[in-house]
Participant: 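One structure, pasted below without further comment.
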Amino acid sequence: MVEFGKLEREIRIDAPPEIVFEVVSRPEHIKMWWSDDASFEPEPGTNGELVWGDRVAVESITVVDVDPPRKFVFRWIAPAAQLPDADNSLLVTFELEPSGEARSFA
């Protein structure tokens, strides 16, 4: 049995939560900063994948929770040929909250 544990990190980003939410929850943005390709619908219960290289590494993901612009949660790193679920994968949670002065963009 594997104990997955918990990792936490707080990062301050000079952008409103609405923009950061799009960057961490949309496949077209994720493939610009993390994996080489990503395909999934950012809706709870949907399955998809993250791809590195020419499909050298492919990880299934399951979207768990979506609460724009505050939270995006998914599971990944499940055993081969299994979809990620609460018993076999890592849970990744992006919780976004504004800090400092509010900004508006024109």
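Every heavy atom of this structure was used, including side-chain atoms; hydrogens, water molecules and symmetry mates were not.
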Participant: Over all heavy atoms of both residues, which pair between Val63 and Phe74 is shortest? Give the atoms and the distance, please.
Facilitator: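 Between these two residues, the closest heavy atoms are CA-CB, 4.1 Å.
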Participant: Does a side-chain heavy-atom distance below 4.5 Å link Asn88 with Pro79?
Facilitator: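 A side-chain contact exists here, since the closest heavy-atom pair is under 4.5 Å.
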Participant: Tell me the closest heavy-atom pair linking Ala38 and Pro27, and the distance in Å.
Facilitator: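 Scanning both residues completely, I find the closest heavy atoms to be O-CB, 3.4 Å.
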Participant: Leu90, Trp34: one ILVMFWY side-chain cluster at the under-4.5 Å cut-off?
Facilitator: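 Shared cluster, yes.
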Participant: Does anything in residues 43-52 pair up under side chain to side chain donor-acceptor pair (under 3.5 Å), and if so which pairs, sequence neighbours excluded?
Facilitator: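 Those involving residues 43-52 are Asn47-Thr62, Glu49-Arg55.
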Participant: Nearest 0.5 Å, please: how far is CZ in Arg75 from OG in Ser60?
Facilitator: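 If I round to the nearest 0.5 Å, the distance is 14.0 Å.
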Participant: Hey, any chance Val66 and Val24 share a hydrophobic cluster, counting ILVMFWY side chains that come within less than 4.5 Å of each other, even indirectly?
Facilitator: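 Val66 and Val24: one cluster.
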Participant: Share the residues that join Val56 in a hydrophobic cluster, the rule being Ile, Leu, Val, Met, Phe, Trp or Tyr side chains under 4.5 Å apart at the heavy-atom level.
Facilitator: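 In the cluster with Val56 there is nothing else; it is isolated.
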Participant: Go through it in stages, so that I can follow the logic: the residues are Asp14 and Arg12, the test is side-chain contact (heavy atoms from CB on, under 4.5 Å), and I'd like the CA-CA distance, side-chain angles, deciding distance and then a yes or no.
Facilitator: CA-CA 7 Å; Asp14 190 16; Arg12 296 190 186 269; over 6 Å; no
Participant: Who are the side chain to side chain contact (heavy atoms under 4.5 Å, CB included) partners of Ser25, not counting sequence neighbours?
Facilitator: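 Only Phe21, Phe72 meet the side chain to side chain contact (heavy atoms under 4.5 Å, CB included) criterion with Ser25.
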Participant: Are Val51 and Trp76 linked, directly or through other ILVMFWY residues, by side chains that come within less than 4.5 angstrom of each other?
Facilitator: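 They do not share one cluster, since no chain of ILVMFWY contacts under 4.5 Å joins Val51 to Trp76.
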Participant: Are the side chain of Trp33 and the backbone of Val23 linked by a donor-acceptor contact shorter than 3.5 Å?
Facilitator: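 Such a contact is found between Trp33 side chain and Val23 backbone.
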Participant: Please name the pair of heavy atoms, one in Lys71 and one in Glu95, separated by the smallest distance, quoted to 0.1 Å.
Facilitator: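 Answer, listing the atom of Lys71 first, then Glu95: CE-OE2, 3.7 Å.
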Participant: State which residues pass side-chain hydrogen bond (donor to acceptor under 3.5 Å, both in side chains) with Asp67; sequence neighbours excluded, sorted by chain then number.
Facilitator: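 Checked Asp67 against side-chain hydrogen bond (donor to acceptor under 3.5 Å, both in side chains); matches are Arg70.
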Participant: Between Val20 and Ile13, is there a side-chain heavy-atom distance shorter than 4.5 Å?
Facilitator: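 They are in side-chain contact.
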Participant: With a 4.5 Å cut-off on side-chain heavy atoms, are Pro84 and Ile77 touching?
Facilitator: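 No, their side chains stay 4.5 Å or more apart.
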Participant: Should side-chain heavy atoms under 4.5 Å link Ile, Leu, Val, Met, Phe, Trp and Tyr, which residues sit in the same cluster as Val64?
Facilitator: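 In the cluster with Val64 are Val73, Leu91.
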Participant: Under the side chain to side chain contact (heavy atoms under 4.5 Å, CB included) test against Leu96, which residue among Pro69, Pro17, Pro68 passes?
Facilitator: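 For Leu96, the side chain to side chain contact (heavy atoms under 4.5 Å, CB included) test succeeds with only one of Pro69, Pro17, Pro68, which is Pro17.
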Participant: Go through it in stages, so that I can follow the logic: the residues are Leu50 and Ile30, the test is side-chain contact (heavy atoms from CB on, under 4.5 Å), and I'd like the CA-CA distance, side-chain angles, deciding distance and then a yes or no.
Facilitator: CA-CA 9 Å; Leu50 302 174; Ile30 288 174; 4.2 Å; yes
Participant: Not counting sequence neighbours, which residues clear side-chain hydrogen bond (donor to acceptor under 3.5 Å, both in side chains) with Glu28? List them please.
Facilitator: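 Here the qualifying residues are Arg26.
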